[in-house]
Amino acid sequence: MDHFTSALLSIYDQLIVTDKNGTIMKSTGTGNTLFHTIKSAIVGGSIKDVEQDLFSTSLAEEIMGKNEKRSFMQSSWQGHELLMTAYPIESGAWVWAYKEIKDSYPDTSRGQSGPLLESKKPTFPFVIRSKPMLDVLHKMQMVCDVSATVLLLGESGVGKEIAARAIHNMGNRSDGPFIPVNCGAIPENLIESELFGYVEGAFTSARKEGAKGKFTLAHKGILFLDEVGELPLNVQVKLLRVLQERVVTPIGSSTSHPVDIQVIAATNKSLEKMVKKGEFREDLYYRLHVVPIHLPPLRNRVDEIPHLVQFFLQKYNTLYNRKVAFTPDAIDLLCIYQWPGNVRELENTVERLVITSGIPEVDVALVKEVLPFKEPKPPSLPVIDFLMPLQEAVDLVEEQLINMAMEQYKSLKLAAKVLEVSQPTMSRKYKKLRNKMEEASFSPVDKRAILEEQINQRLRSIAVVTAAIIPAEEVISLQKNMNRQPSYSQKLKQKLTMIQEKEGVIEWVFIFIMTEDGRLIHLVADKGFVIEPGEEYMGPPEMVNVAYQAFNGKAGVTPIYEDRYGEWKTSFAPIIDDDGNIVAIVGCDYSKAYFNSEMQRLRKQLNIHV
């Protein structure tokens, strides 16, 4: 048995042998620090407790119930990835083997599709483990090889500059400069010269040789405008011209020079509200809002916190030559904290704990010393408009609290801690609640979503078929001869008009192309289209985002949106040439009235009441 154990330990970090009930009979390992932070992996303990201390989900009971060998990956609360293998042996006993997998970057392509996701990952450590951040990475991958203007939105400290640098490192401008500018940190009287530069004699304190501005320094690269909402209105006018024309005029000069840059702006303010107050130019807002990417706050990506803690822990252990570890309970406490300062606050907290910890393990008591956990305020009395049985009212409040905790933390373990109940109690109550929800019929929101998806599938199919029957060579020819309209566009215009009239329900059919800086340009459309050929379309993000997805090969349908022409739902599909290149996209507009009538027809047909 010793030889067998030695052989297994040459492969795995930790071996645990249990009886058929999961009680630990033997536990041995190679000294992996992960198992030093838990107290349950001892003889007489339970494999279920080990799993609960190590992982966000426990699978031991399910595995033993099926009585068959299983191998799978698990993510620990400390941010480790472990290969876990469980297999039954004689007398109903079990062997549980754990192997830490050390990888520099998580596989963020799981659950996504397309070659883009396989090839584009940041080349520096960029911790992404949660579903919201995987969605952010997907959008970043879509824009990194085009020159479209990107607007990063999110609270202070969520990592907007890290995201901007990731776009730079992943894209075709990675060999060019990355020039960050904090618009809120530059005095108002200096910001114009900082951005656009100046020539000799431009003002009293100007250098004799003049100076290049940030736009010029970012040539062939990326200019990152952080806190763009702090820009004065007079500078906003000049910034708008640079974004539109890609030329820069230094202060004191009458000569402009072109710049080849991608602009990434960032703000933690609502530019839309600033526009309404007259504090930000509306035309500049739409110019910056080409591809908005919202970075969620840390409290909405709780499952990422253990991995971020481990990342920062390794960073500061190396920097300060320390060997500090966090206990699972300390990780749990960090996960249920609200983090008003987001990732920046988390990093500062980990650094402080690494520096000030006088013992090798950071526990709950140490975390509470550095984080301002506040006692909850007594809630105001709920407003109840009618009498109900007391137990029914208690059950109702309990269900709401359980749903809130699970929605925020997505973990029975964390939800139990924040609600201050045992994990078995939490598991039992949540299972009861889930059964109740599954037995109930679909909510009106669910029913409406199902009906809308049925309509979207049909609209998506129409766009795909329309794109397939439009010859790509005619589109390419028209692009090359846009100045010779309308003779070159007549053939395509007739074809689009025929499609629009044949379908009968399509308001407009049109073809868009995209410029190198990400602008949507109308190429040709049916005879009734309201936008002139060659004119730029500047619409709301709900429409523009789906159009960008079509340029990346994914046909899609927008939600109902409103622009200056009305309220619409639009389906997009790419037009692809014989070499597989996307040359343009075709769009089909449907009115809101048509969509509502289709919803009503489906309700009656399927006898669904929403």
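Along the sequence shown, residues carry numbers from 1. Just so it is clear, the structure is predicted and the values come from calculations on it, not from any experiment. Keep in mind that the numbers below use all heavy atoms, side chains included, and drop hydrogens, waters and symmetry copies.
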With side chain to side chain contact (heavy atoms under 4.5 Å, CB included) as the criterion, how do Leu298 and Leu308 come out once you've worked through the C-alpha distance, each side chain's angles and the decisive distance to 0.1 Å?
CA-CA 10 Å; Leu298 190 56; Leu308 286 165; 3.6 Å; yes
Taking atom [atom1] of [X] and atom [atom2] of [Y], what is their separation to the nearest 0.5 Å?
| X | Y | atom1 | atom2 | answer |
| --- | --- | --- | --- | --- |
| Phe572 | Phe510 | CZ | CZ | 4.5 Å |
| Ile264 | Asp226 | CD1 | CG | 11.5 Å |
| Phe512 | Leu520 | CZ | CG | 6.0 Å |
| Asn172 | Ser147 | CG | OG | 6.5 Å |
| Leu195 | Leu239 | CG | CG | 7.5 Å |
| Leu225 | Asn182 | CG | CG | 10.0 Å |

For residues 538-550, run the donor-acceptor check on the side chains, cut-off 3.5 Å, and write out each pair with its distance to 0.1 Å, sequence neighbours left out.
residue : atom : partner : partner atom : Å
Asn545  : ND2  : Pro541  : O            : 3.2
Tyr548  : OH   : Gly518  : O            : 2.2

If only atom types and distance count, is the side chain of [X] paired as donor or acceptor with the main-chain N or O of [Y] below 3.5 Å?
| X | Y | answer |
| --- | --- | --- |
| Gln236 | Phe280 | no |
| His294 | Gly154 | no |
| His522 | Gly534 | no |
| Lys214 | Leu223 | no |
| Thr558 | Thr570 | yes |
| Ser571 | Leu459 | yes |
| Asn342 | Ser156 | yes |
| Asn581 | Val583 | no |

Once you measure the plane-to-plane angle for Phe224 and Phe178, does it fall in the parallel (<30°), tilted (30-60°) or perpendicular (>60°) bin?
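Parallel, since the angle between the ring planes stays under 30°.
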Hey, what's the ring geometry for Phe196 with Phe215, parallel, tilted or perpendicular (30° and 60° as the breaks)?
parallel
So do [Y] and [X] actually touch side chain to side chain, heavy atoms under 4.5 Å?
| X | Y | value |
| --- | --- | --- |
| Glu155 | Arg299 | yes |
| Asp303 | Lys131 | no |
| Ile521 | Gln479 | no |
| Leu451 | Ile455 | no |
| Ile191 | Pro232 | yes |
| Leu334 | Leu371 | yes |
| Trp508 | Val530 | yes |
| Met142 | Phe551 | no |

Please determine, by modelled atom types, if Asp589 and Tyr565 share a side-chain donor-acceptor pair under 3.5 angstrom.
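Checked: Asp589/Tyr565 side chains show no N/O donor-acceptor pair below 3.5 Å.
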Please check if any side-chain donor atom of Glu347 sits under 3.5 Å from a side-chain acceptor atom of Tyr316, or the reverse.
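There is such a pair (donor and acceptor under 3.5 Å, judged by atom type) between the side chains of Glu347 and Tyr316.
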Can you name the closest pair of heavy atoms from [X] and [Y] and give their distance?
| X | Y | answer |
| --- | --- | --- |
| Arg241 | Ser256 | NH2-OG, 3.7 Å |
| Val143 | Gln262 | O-NE2, 3.5 Å |
| Ala266 | Leu151 | N-CD1, 4.3 Å |
| Pro180 | Glu161 | CB-OE2, 4.0 Å |
| Ile582 | Asn552 | CD1-C, 3.9 Å |
| Lys238 | Thr249 | NZ-O, 3.0 Å |

Using a strict 4.0 Å threshold on nitrogen-to-oxygen distance, state whether [X] and [Y] make a salt bridge.
| X | Y | value |
| --- | --- | --- |
| Glu536 | Arg287 | yes |
| Lys139 | Asp135 | no |
| Glu598 | Lys569 | no |
| Glu516 | Arg246 | no |
| Glu230 | Lys269 | yes |

For side chain to side chain contact (heavy atoms under 4.5 Å, CB included), just list the numbers for Arg173 and Asp260, CA-CA rounded to whole Å, side-chain angles, deciding distance to a tenth of an Å, and then say yes or no.
CA-CA 10 Å; Arg173 293 179 178 270; Asp260 176 10; 2.7 Å; yes
Leu353 and its side-chain contact (heavy atoms from CB on, under 4.5 Å) partner, picked from Val350, Ile355, Thr349
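Between Leu353 and the candidates, side-chain contact (heavy atoms from CB on, under 4.5 Å) is satisfied uniquely by Thr349.
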In this structure, which one of Val150, Val228, Thr267 forms a side-chain contact (heavy atoms from CB on, under 4.5 Å) with Leu288?
Val228
Does [X], at its [atom1] atom, have more than 12 non-hydrogen atoms belonging to other residues, nucleotides or ligands within less than 6.0 Å?
| X | atom1 | value |
| --- | --- | --- |
| Glu453 | CD | yes |
| Glu282 | CD | no |
| Tyr286 | OH | no |
| Gln457 | CD | yes |
| Glu567 | CD | yes |

Run the side chain to side chain contact (heavy atoms under 4.5 Å, CB included) check on Val235 and Glu194 step by step: do they pass?
CA-CA 11 Å; Val235 179; Glu194 282 287 320; over 6 Å; no
